[in-house]
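Only one structure is covered here, and it is reproduced in the block below.
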Number of protein chains: 2
Amino acid sequence: MAAKPLRSARSDNRLPAVLDAAARRFAERGYAAASMRDIAEACGMLPGSLYYHFAAKEDLLVAVYGAGVEQLSAAVRGAVEKETAPWARLEAACAAHLEALLEHGDYAQVLVRVLPVDVPNAAARLKALRADYERVFRDQIRDLPLPPGTDRSALRLMLLGALNWSRFWFVEKGRETPRSLARKFVHLLEESLHA
Amino acid sequence: MAAKPLRSARSDNRLPAVLDAAARRFAERGYAAASMRDIAEACGMLPGSLYYHFAAKEDLLVAVYGAGVEQLSAAVRGAVEKETAPWARLEAACAAHLEALLEHGDYAQVLVRVLPVDVPNAAARLKALRADYERVFRDQIRDLPLPPGTDRSALRLMLLGALNWSRFWFVEKGRETPRSLARKFVHLLEESLHA
DNA sequence: TGATACAACAAACGATCGTTTGGTTTACGG
DNA sequence: CCGTAAACCAAACGATCGTTTGTTGTATCA
């Protein structure tokens with residue numbers, strides 16, 4: 001619970017640097033293996049100084065996690081709005097998701113790397129944040145013209161699973177891009193499911 | 001480096017219990033958050049006693065990881081052999097993979113929960129073990145009759161990603177079973193990809 | 001410009017981490 | 001039944017963990 005400041009924030013506030021460093025460490029090593037000392041050193045501060053901004057390591061993780069949801073949601077919603085056809089909108093959402101996850105990584109990767117059970121006291125908050133984000137995909141899949149009886153929930157879980165897991169094998173060398181990968185994944189489903 | 005015993009193992013050897021306890025802790029909490037003390041206590045031993053069987057925590061993880069690959073490979077190969085049609089064989093492989101992952105868990109879950117990068121000194125060994133296992137799926141997808149130009153590599157990565165990620169949302173309540181889920185995932189791909 | 005509160009430093013706290021070392025028990029082969 | 005080695009205990013080692021506490025500097029606003 002950060003106490004509300006009586007005055008506005010100072011211009012030399014290093015909170016953004018703290019969040020960036022924490023996002024990088026959490027994304028690279030996971031929650032438990034990323035130490036507060038690592039994070040502090042990465043942004044030129046002392047370990048104890050982090051506790052001016054956050055009461056506990058868990059709260060720092062929640063802040064990074066929330067920023068990741070914010071960033072991903074904005075990217076996906078922005079991409080979806082540029083398309084009109086349902087399948088094109090879904091593909092745009094997947095492409096934006098993969099680009100955020102695989103290219104300008106860190107914050108988005110924390111959503112994939114850190115599981116709610118890793119942070120027991122904040123598990124509920126993390127689950128709520130993630131569910132909030134995934135609603136965009138639920139909406140896109142709801143609007144798809146599909147054969148009657150198709151399990152849209154299974155379709156969503158399959159697609160999101162494939163997208164998220166790509167973080168663990170994708171390498172930037174080679175000709176495959178996040179966008180091309182999203183195109184392949186969606187097309188593997190689209191042709192067989194055309195209503 | 002476990003020294004080769006000069007005599008055969010004793011009947012009160014608790015190595016299996018150590019592996020079981022380690023598998024459970026690694027699967028539940030991940031590598032970093034599972035402590036040697038937790039594992040030792042779970043099988044009624046003292047922390048230092050684990051070092052009679054393994055020279056380091058990393059080696060214990062590698063042993064569990066290898067056992068997980070063994071168990072998954074056996075289950076999937078056994079399931080595949082009971083079918084003849086290519087798509088039925090793939091579905092059987094997915095069902096066996098999901099059953100091992102979601103029901104009689106622990107060892108199989110370690111493959112999904114622990115990333116090679118979590119264990120720097122053993123990352124190469126873990127990658128090799130995982131690649132060894134995934135060859136079963138590569139073979140099944142190679143034998144699929146698919147439209148020309150289909151990217152079988154993307155298909156494999158999509159399917160395995162969806163299967164593995166299910167560990168993070170699947171709950172046993174409700175009517176969905178690992179088998180029914182595998183059926184849905186494969187069918188979502190099959191109908192559109194019939195050669 | 002002086003008072004205020006933001007933002008960080010400096011230095012430690014106890015707890016827990018992986019691991020080591022030397023001694024003890026006990027099942028097993030001869 | 002005895003000697004040996006397998007299997008574990010008992011107790012600690014130094015390192016690192018998240019966190020706390022008291023103090024210091026400095027940007028901001030009246």
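Reminder, nothing fancy here: chain letters follow the sequence lines and each chain counts from 1.
Contact check, B:H53 against D:dC8: a side-chain N or O comes under 4.0 Å of OP1 or OP2. In terms of phosphate contacts, B:Y52 brings a side-chain nitrogen or oxygen within less than 4.0 Å of OP1 or OP2 of D:dA7. Neither OP1 nor OP2 of D:dT28 sits under 4.0 Å from any side-chain N or O of A:S8. Regarding contacts with the backbone of D:dA7, every side-chain N or O of B:S49 stays at 4.0 angstrom or more from both OP1 and OP2.
The interatomic distance linking B:M45 (CE) with D:dA6 (P) rounds to 16 Å, in whole Å. Atom CG in B:D12 sits roughly 13 Å away from atom P in D:dA6 (whole-Å rounding). Rounded to whole Å, atom P of C:dG18 lies 10 Å from atom CG of B:L50. The separation between B:L46 atom CG and D:dC8 atom P is 11 Å, rounded to whole Å. Rounded to whole angstrom, the span from the NZ atom of A:K57 across to the C1' atom of D:dT20 amounts to 17 Å. One atom, CZ of B:R7, and another, C1' of D:dC2, lie 12 Å apart when rounded to the nearest Å. Remark: P of D:dT26 and CZ of A:R14 are 13 Å apart, rounded to the nearest angstrom. Between B:Y51 atom OH and D:dA6 atom P there is a gap of 21 Å when expressed in whole angstrom units.
Residues from residues 22-44 of chain B with heavy atoms under 4.0 angstrom of DNA chain C, sorted by number: B:A34, B:S35, B:M36, B:R37.
Contact of A:R10 with D:dA27 (side chain to base): no donor-acceptor pair of N or O atoms is detected under 3.5 Å.
You'll find the side chain of B:L90 reaches within 4.5 Å of the side chain of B:W87, heavy atoms only.
Looking at A:D59 and A:H53, their side chains never bring a donor and an acceptor atom within 3.5 Å of each other.
The closest donor-acceptor contact from the side chain of A:S73 to the backbone of A:E70 lies at 3.5 Å or more, if one exists at all.
Of the charged side-chain nitrogens involved, none lies within less than 4.0 Å of a carboxylate oxygen, so that B:R25 and B:D38 do not count as a salt-bridged pair. A salt bridge links B:R113 to A:D118: one of the charged nitrogens lies within less than 4.0 Å of a carboxylate oxygen.
When each of A:E58 and B:V18 is assigned the nucleotide of DNA chain D bearing its nearest heavy atom, the one mapping closer to the 5' terminus is B:V18.
Judged by the 6.0 Å and 45° rule, A:K57 forms no cation-pi pair with A:F26.
Rounding to the nearest 0.5 Å gives a distance of 3.5 Å between CG of A:L189 and CE of B:M158.
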